[in-house]
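This report refers to the structure that appears directly beneath it.
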Amino acid sequence: MAGGVCRSKARMNGKTVLITGANAGIGKETAKDLARRGARVLLACRDKSKADRAAEDIRKSTGNKNVVVYILDLASLKSIRQCANEVLSKEPKLDVLINNAGVFGAPRRKTEDGFEMHFGTNHLGTFLFTNLLLDLLKKSAPSKIVNVSSRGHERAQIDFENLNGEKNYSFNGAYEQSKLANVLFTRELNKRLQGTNVTANYLHPGVVDTGMIGFKDNCGFAMRIFLNVVYYGFFKYIMKSAVQGAQTTIYCAVDPDLDNVSGKYFSDCAMKKEVPQALDNEVSAKLWKVSEEMVRL
């Protein structure tokens with residue numbers, strides 16, 4: 001169950017990498033690895049105190065003092081714009097953008113701007129933040145965009161009449177739709193980046209034990225007990241650790257063999273075949289246009 005391992009010895013000296021949601025789990029382990037490789041690592045996180053603690057831990061464990069915290073809440077368009085503006089004003093270059101942050105199993109609620117939490121955070125927040133940093137990525141080319149999606153996108157369809165879960169809602173369906181949106185965004189972005197020397201790829205990290213079992217909040221008392229027993233008694237022990245779950249992200253970010261590879265799907269440090277709904281160019285173009293309108297880009 002450990003999956004593939006990034007075996008690249010590539011150094012990242014002189015490179016600047018921004019990772020969203022890097023204060024814990026996969027994001028933090030990715031940040032540690034890239035810091036060990038010599039990169040300037042930017043942690044873009046919602047909780048400043050947690051991010052500061054993570055940054056200090058990364059500095060101590062890697063010996064790399066060049067770890068910087070930015071405040072970013074992907075559930076707030078205002079926060080996204082503020083963070084992007086701060087990055088643009090302070091960072092002369094950006095070699096790798098890793099869109100790692102996201103929510104899973106959130107109770108039915110809305111973002112600050114009224115979007116369904118999964119779609120608003122996982123897709124719209126990432127969509128806006130990436131677009132606001134595109135000019136810097138192009139200026140820094142060759143550069144990379146790495147989007148952390150999920151294999152769950154393979155079971156999803158984009159329902160343009162129910163993006164915000166207003167007609168019907170399930171946390172799993174909302175999550176899977178948001179992850180398919182990540183995929184379609186990456187593929188459409190790849191088309192728009194042709195000739196810029198900026199690549200964009202997406203990945204499934206595996207089933208990772210990061211403690212993110214927020215879906216329990218949606219369940220009744222008996223079901224919460226059952227989920228706890230199943231999680232702590234079985235699934236926890238066959239899931240990937242955060243270090244194992246970070247391997248494909250690291251691989252996509254550092255391996256020189258992927259410097260000219262774009263618009264592809266990876267898992268366990270290998271390219272994977274996509275499902276038909278992820279290859280629908282008409283849907284990806286429509287989703288881009290709808291997303292632009294929703295975030296007022």
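Bear in mind that the values here come from a model prediction, so they are computed numbers and not experimental data. Basis for what follows: all heavy atoms, side chains included, without hydrogens, waters or symmetry-related copies.
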Does atom NZ (Lys50) have a neighbourhood of more than 12 heavy atoms from anything else shown, all under 6.0 Å? no
When Leu184 is tested against each of Ile158, Asn281, Leu189, Leu279 for side chain to side chain contact (heavy atoms under 4.5 Å, CB included), which residue passes? Ile158
Please test Thr199 against Leu258 for side-chain contact (heavy atoms from CB on, under 4.5 Å), starting from the C-alpha separation and ending with a verdict. CA-CA 9 Å; Thr199 63; Leu258 302 183; over 6 Å; no
Within the side chain of Asn182, is there an N or O that forms a donor-acceptor pair under 3.5 Å with the backbone of Asn122? yes
What donor-acceptor contacts under 3.5 angstrom involve side-chain atoms of residues 133-140, with partners at least two apart or in another chain?
| residue | atom | partner | partner atom | Å |
| --- | --- | --- | --- | --- |
| Ser140 | OG | Leu94 | N | 2.8 |
| Ser140 | OG | Leu94 | O | 3.4 |
| Ser140 | OG | Leu136 | O | 2.7 |

With under 30° as parallel and over 60° as perpendicular, where do the rings of His153 and Tyr265 fit, or are they tilted in between? perpendicular
May I ask you to decide if Gly4's main-chain N or O and Gln247's side chain share a donor-acceptor pair within less than 3.5 Å? no
Kindly write out the residues that satisfy side chain to side chain contact (heavy atoms under 4.5 Å, CB included) with Pro92, not counting sequence neighbours, or none if the list is empty. none
Name all residues meeting the salt bridge (charged side-chain N to carboxylate O under 4.0 Å, His left out) criterion together with Glu91; count only those two or more places apart in sequence or in a different chain, and write none if there are none. Arg40
Could you tell me which residues satisfy ring pair (Phe, Tyr, Trp, His ring centres under 6.0 Å) with Phe119, sequence neighbours excluded, listed by chain and number? His123
Where at least one partner belongs to residues 277-297, residue pairs that pass ring-ring contact (aromatic ring centres under 6.0 Å, His included), sequence neighbours excluded: Phe127-Trp288, Phe185-Trp288
Answer yes or no: are there more than 12 heavy-atom neighbours, outside Glu282 itself, under 6.0 Å from its atom CD? no
By salt bridge (charged side-chain N to carboxylate O under 4.0 Å, His left out), which residues pair with Arg155, not counting sequence neighbours? Glu176
Got a sec, which residues hit salt bridge (charged side-chain N to carboxylate O under 4.0 Å, His left out) with Lys48, two or more places apart in sequence or on another chain? Asp52
Can you list everything that forms a side chain to side chain contact (heavy atoms under 4.5 Å, CB included) with Lys90? Sequence neighbours excluded, please. Tyr70, Glu86
Are side-chain heavy atoms of Leu203 and Val148 found at a separation under 4.5 Å? yes
Crowding at CZ, Arg46 (>12 non-hydrogen neighbours, <6.0 Å): no
Going by the rule salt bridge (charged side-chain N to carboxylate O under 4.0 Å, His left out), which residues pair with Asp57 if we only count those two or more places apart in sequence or in a different chain? Lys28, Lys32
Please list, chain by chain and in numerical order, all residues satisfying ring pair (Phe, Tyr, Trp, His ring centres under 6.0 Å) with Tyr175, sequence neighbours excluded. Phe104
Under 3.5 Å donor-acceptor pairs involving side-chain atoms of residues 71-78, not counting sequence neighbours:
| residue | atom | partner | partner atom | Å |
| --- | --- | --- | --- | --- |
| Asp73 | OD1 | Ala75 | N | 2.9 |
| Ser76 | OG | Lys78 | N | 3.4 |
| Ser76 | OG | Ser79 | N | 3.1 |
| Ser76 | OG | Glu112 | OE2 | 2.9 |

Please name all residues satisfying side chain to side chain contact (heavy atoms under 4.5 Å, CB included) with Glu293, sequence neighbours left out, ordered by chain then number. Lys289
Determine, for Glu154 against Arg151, whether the closest basic-nitrogen to carboxylate-oxygen distance falls under 4.0 angstrom. yes
